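Quick caveat, the model's predicted, so the values are computed rather than measured.
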Amino acid sequence: MRVYLMVFCLISYSVDGQIEYSISEETERGVSVGNIAKDLGIDAATLSSRKFRMITSSSKQYFNIDVSTGALSVNEPIDREQVCELKTTCFLNYELVLENPLELYKMEFKVLDINDNSPNFPLNEYRLNVAEFLSPGARFTLPNAQDLDEGTNSVQIYTLSPNEHFRLEMQTRGDGSKYPELVLEKTLDREQQAIHKLVIIAKDGGTPERSGDAEVIVTVLDTNDNAPAFEQSVYRASILENSLSGTLVTKVHATDLDEGQNGEIRYSFSNSTSADLQRMFLIDPQTGEIKVNGILDVRRPLLEMFIEARDKGAFGMSSTAKLLVEITDVNNNAPEITITSLSSPIPEDALSGTVIALLSVMDKDPGENGKVTCEIPANIPFHLKSSFDNYYSLVTDGSLDRERVSEYNITVTAMDLGSPPLATRRTLWVQISDVNDNPPKFASSACDISVTENNLPGASLYQVSASDPDVGQNGRISYTLRDMGFEGGALSSFFAVNSENGNIYAKSTFDFEQLRSFHFQVEAKDHGSPALSTALTVNVLIADQNDNIPVILYPAARNGSVAVEIVPRLADADYLVTKVVADDADSGHNAWLSYHLLQPSNSGLFRILANTGELRTARSMRSTDSIKHKVVILVKDHGEPSLSSTIALGILLADSLPQALPDFDDGLEARGQLTTLNLYLIISLACISFVFLGFIFFLVLMRLLHCRTTHHRSCCCSGCCPEDEKYEKYRYNVRMLPSSHFPSEVVEVSGVGKLTHTYLYRASVGIGPSNNNLLLNGDARNIPSGAGLQVPASCIQIQKVKSDHFNAILLSERSPQRQWPPASWVWCSSDRGLPNGGAALAVKRDKGAFVQAPRRRF
């Protein structure tokens, strides 16, 4: 029947970080033992946050602590006899660890014995041979009963079943231990009873009382009435725990007064010796030598064995002696290092003395062999601090710098004091975590960048880069523009910076003429807490681009008119006509101006100095020179590409200021520089003209084919229209213009000269199969008075009357007798008279300058 006992819990004391509880063994699971937080004076709410834990060397967790309340309860029933074996007192030791700050407490449980084990004899049956001739008072040793309980719960008394021949008495050995003896009270008579069966009962003092029994069978013999006697009742010996097999432990010796076989003694282990010890040691039955058998695998420092000496008589008699063997420890166990707590990584700004790890160092050897010293390498910012018992704290001993050393491999060496000493090494990997203690750093405090004006918005101008030795968010850098103003507007309207890579972009177009240089700051800031930053000054230089054309300041043309300069009629060579003054808003080569004559009326009359812009006469003026001239002056810079401006200048040759200035607009028009666009236009017009001329040529061929088919000709008489090579062609500014309001057979001819009047002649020609006449219609306003018209077969001749008028004529017949220009002018339409059946017009001016007009096909 199992007996359940009430749990007995008692808080003995809590002094100097140690607390002791008492608890009965076999206490059921879940039974409350106490409250750790209350008993130690700790706030139960902080147990979880401080990583509270209970550490023990036992393989089983007998107790459980609720970290939310601090309640201590039984997790598993305790068997005192299993935990403490033969110890008189039984303790379970625990260590309680709390962090932040680190605190260590010792907790000790005293396991109270309950009477849960009955006395037990090693054997169920014992046999004794007793000679019948023995007198009353003869004694026979009986085996001890074993009870795993302690104190009053262990074996207290022995009793013997009732009989008339034997009684039971307790004897005490030299070491104080007691054992039962069977005492003969009445002489035995084998013939009446050869075997006596007795029962020996062992009882403990527990409540309720427990008992165990064994049967003792007594066989009555007739011989050998003397038992062997040992020289000592207790033998003591000591051996090293690493003794080899066969090592002599000790030698026992007993004597027997009998002779012969009754006096020969045989030694053996008594049945009271445990089986494991009988396997661990060997005894020589003849000599009594006890030797080591195999490897000593015991944890107890003292071993107890019983040696029996029995004679060889027919009624063998025996006696028992106790052998106590002390196991002498040798240093065969190296220290063991247990990492109880490790904080890694630790911040690099941790204060000196910060606890990093808690180590437990143990050595199973006793005495000096079990004393341990710990050390770590020098020249590192850590040191070991002894706590109490076998605990050490690894704490910081100096400043840490992750950028210099990011981790430490700390080797902890534990060495005992044995001879020779044994050592154990354990490496701790401690990482250093980063804190934001380094601001971003640029390669220099300032940088210069050059930006060409008229840049495209959004273009990348420059990339700044900063470095931060920190890691993670502490080393992640963002770039921003510092909000600062400067002339020209807010910084954010001009620039933007990529926060990730530091690329600086232009948000607007720069104009060198408005803003030539400025500076701003780019801030590099990490993402640490608090964030650290560094600024870089960026000096921006705007590079000039040739984007401004030269501006002509003098001479100035007003309202689109031509500026007029008056030069003496007979001015000398190198006479300063005027000085062209121009300005360019650009700088450098882009503003270096040069002056050129682009369109002079007389290329040999004037020249201009390229560097100064001075317009001078190239030679002395003559009376035969025209009184008015028009020149176009080109001012261009030296940029790439070059830009230019032109100005038209009228030059009047006069000795005094005239009342009215002549009109210079009918002169040569200024021609601009040939640009790419103009080149494309010219090519386009040339292509169109080529197609048009091809079409006209096709029509002429068709016309000629038609004429040959009808055998009809319409031409001038060969007498009045000589061949083309007999005529000279004179050129002047005369153009033949197509008119949209005339039919296709009508040609409008206009002539423009340098005089103050413009003469216009219109002529219409009718061509058809029934008409062989050619008719010229002249404007009556423009035909000089006195002019006569003569109309031969198909020719018309105009004679000029006055020489100071502008006269229009197509072809002039050359005659060696006539002085050119001739007195008569001929206009003719004849395939033979002009090439391709075309028309030509010549104009005479008073000075004899003539120009031939372009030809247009009818």
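Ala414 and Val372 make their closest contact through CB-CG1, 3.8 Å (heavy atoms, listed as atom of the first residue, atom of the second, distance). Taking both residues in full, the closest heavy atoms of Pro439 and Ser533 are given as CB-O, 4.2 Å, listed atom of the first, atom of the second, then distance. Among all heavy-atom pairs drawn from Gly70 and Leu47, the shortest one is CA-CD1, 3.8 Å. In this structure, Thr413 and Ala423 approach most closely via the heavy-atom pair CG2-CB, 4.4 Å. Heavy-atom minimum distance, Asn100 versus Ser49: ND2-O, 4.4 Å. Residues Tyr391 and Ser360 share a closest heavy-atom pair of CE2-CB, 3.6 Å.
Between Thr338 and Leu359, every side-chain heavy-atom pair lies at or beyond the 4.5 Å cut-off. Within the 4.5 Å cutoff, side-chain heavy atoms of Ile42 are placed close to those of Leu98. Two residues are said to be in side-chain contact when any heavy atoms from C-beta on lie closer than 4.5 Å; Ile339 and Arg426 meet this criterion. With contacts defined as side-chain heavy-atom distances shorter than 4.5 Å, the pair Glu614/Thr578 does not qualify. In this structure, Val412 and Leu384 have side chains that are in contact, with non-hydrogen atoms separated by less than 4.5 Å. Val522 places none of its side-chain heavy atoms less than 4.5 Å from the side chain of Arg482. Between Asp586 and Phe512, the closest side-chain pair of non-hydrogen atoms is not below 4.5 Å. The shortest side-chain heavy-atom distance between Glu565 and Leu649 falls under the 4.5 Å cut-off.
Ion pairing of Arg476 with Asp468 is absent here, as no side-chain N (NZ or NE/NH1/NH2) approaches a carboxylate O to less than 4.0 Å.
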>> Pair Cys447, Tyr462 - check side-chain contact (heavy atoms from CB on, under 4.5 Å), show working.
In response: CA-CA 10 Å; Cys447 67; Tyr462 190 73; 3.7 Å; yes
> Given the rule in the side-chain contact (heavy atoms from CB on, under 4.5 Å) test, do Ile432 and Ser406 qualify, once you have shown the distances and angles that lead to the verdict?
Replying inline: CA-CA 5 Å; Ile432 309 301; Ser406 61; 5.5 Å; no
>> side chain to side chain donor-acceptor pair (under 3.5 Å), that's the test. Do Asn503 and Tyr479 meet it? Break it down for me.
In response: CA-CA 9 Å; Asn503 274 330; Tyr479 301 91; over 6 Å; no
>> Apply salt bridge (Lys or Arg N to Asp or Glu O under 4.0 Å) to residues Glu103 and Arg50 and explain how you reach the verdict.
In response: CA-CA 10 Å; Glu103 294 182 4; Arg50 295 183 62 185; 3.3 Å; yes
>> Could you go through Thr340 and Arg53, starting from their C-alpha distance and side-chain angles, then the distance that decides it, and tell me whether this counts as side chain to side chain donor-acceptor pair (under 3.5 Å)?
In response: CA-CA 10 Å; Thr340 304; Arg53 55 193 177 275; over 6 Å; no
> Does the side chain to side chain donor-acceptor pair (under 3.5 Å) test come out yes or no for Gln61 and Asn75, once each step is laid out?
Replying inline: CA-CA 7 Å; Gln61 188 68 28; Asn75 184 57; over 6 Å; no
> Which is it for Asn474 and Asp526 under the side-chain contact (heavy atoms from CB on, under 4.5 Å) test, yes or no, and what are the steps along the way?
Replying inline: CA-CA 6 Å; Asn474 297 331; Asp526 58 32; 5.6 Å; no
>> Walk me through whether Leu643 and Lys636 qualify under side-chain contact (heavy atoms from CB on, under 4.5 Å).
In response: CA-CA 6 Å; Leu643 301 179; Lys636 68 175 182 178; over 6 Å; no
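A donor-acceptor contact closer than 3.5 angstrom is absent between the side chains of Asn369 and Asp363. Side-chain atoms of Ser478 and Glu500 form no donor-acceptor pair, as typed in the model, at a separation below 3.5 Å. With 3.5 Å as the limit, one finds no donor-acceptor pair spanning the side chains of Asp584 and Asn548. Checking Asn539 against Asp448 by side-chain atom types alone, a donor-acceptor pair falls below 3.5 Å. Side-chain atoms of Asn438 and Glu403 include a donor-acceptor pair closer than 3.5 Å.
In this structure, the side chain of Glu348 engages the main chain of Arg402 through a donor-acceptor pair within 3.5 Å. A donor-acceptor distance shorter than 3.5 angstrom exists from the side chain of His638 to the backbone of Trp592, with no hydrogens or angles considered. Asp544 places a side-chain N or O within donor-acceptor distance of the main-chain N or O of Ser587, the cut-off being under 3.5 Å. In this structure, Thr396 contributes its side chain and Thr354 its backbone to a donor-acceptor pair below 3.5 Å. The main-chain N or O of Met362 is never found under 3.5 Å from a side-chain atom of Asn390 such that the two would form a donor-acceptor pair. Put simply, the side chain of Glu453 gets close to the backbone of Gln545: a donor and an acceptor are under 3.5 Å apart. The backbone N or O of Pro335 lies less than 3.5 Å from a partner atom in the side chain of Thr424, making a donor-acceptor pair. Here the side chain of Ser393 pairs no donor or acceptor atom with the backbone of Leu358 at under 3.5 angstrom. The main-chain N or O of Asn455 is found under 3.5 Å from a side-chain atom of Thr509 such that the two form a donor-acceptor pair. Panel note: side chain Thr373, backbone Met415; a donor-acceptor pair is recorded below 3.5 Å.
Other residues, nucleotides and ligands contribute at most 12 non-hydrogen atoms within 6.0 Å of the CG atom of Leu456. Within 6.0 Å of the NE2 atom in His596, the count of heavy atoms belonging to other residues, nucleotides or ligands exceeds 12.
Under the side-chain contact (heavy atoms from CB on, under 4.5 Å) rule, Arg607 has a single partner from Leu615, Val577, Asp574, which is Asp574.
The OH atom of Tyr408 sits 8.0 Å away from atom CD1 of Ile380, with the distance rounded to the nearest 0.5 Å. To the nearest 0.5 angstrom, Asn35 atom CG is 11.0 Å from Ser73 atom OG. Going from atom CD of Glu99 over to atom NZ of Lys51 covers 5.0 Å, rounded to the nearest 0.5 Å. Distance check: Asp511 CG to Asp547 CG gives 6.0 Å after rounding to the nearest 0.5 Å. Atoms CG and CG, from Asp43 and Leu40 in turn, are 12.5 Å apart once rounded to the nearest 0.5 Å. Atom CD1 of Ile449 and atom CG of Leu541 lie 8.5 Å apart (nearest 0.5 Å).
Between Tyr21 and Phe109, the ring planes are parallel. Angles under 30° get that label, and only those over 60° would be called perpendicular. Ring geometry for Phe63 versus Tyr94: interplanar angle over 60°, hence perpendicular rather than tilted (30 to 60°).
For an aromatic pair to be called close, the ring centres must be under 6.0 Å apart, and Phe495 with Phe518 satisfies this.
Under the ring pair (Phe, Tyr, Trp, His ring centres under 6.0 Å) criterion, His383 pairs with no residue at all, not counting sequence neighbours.
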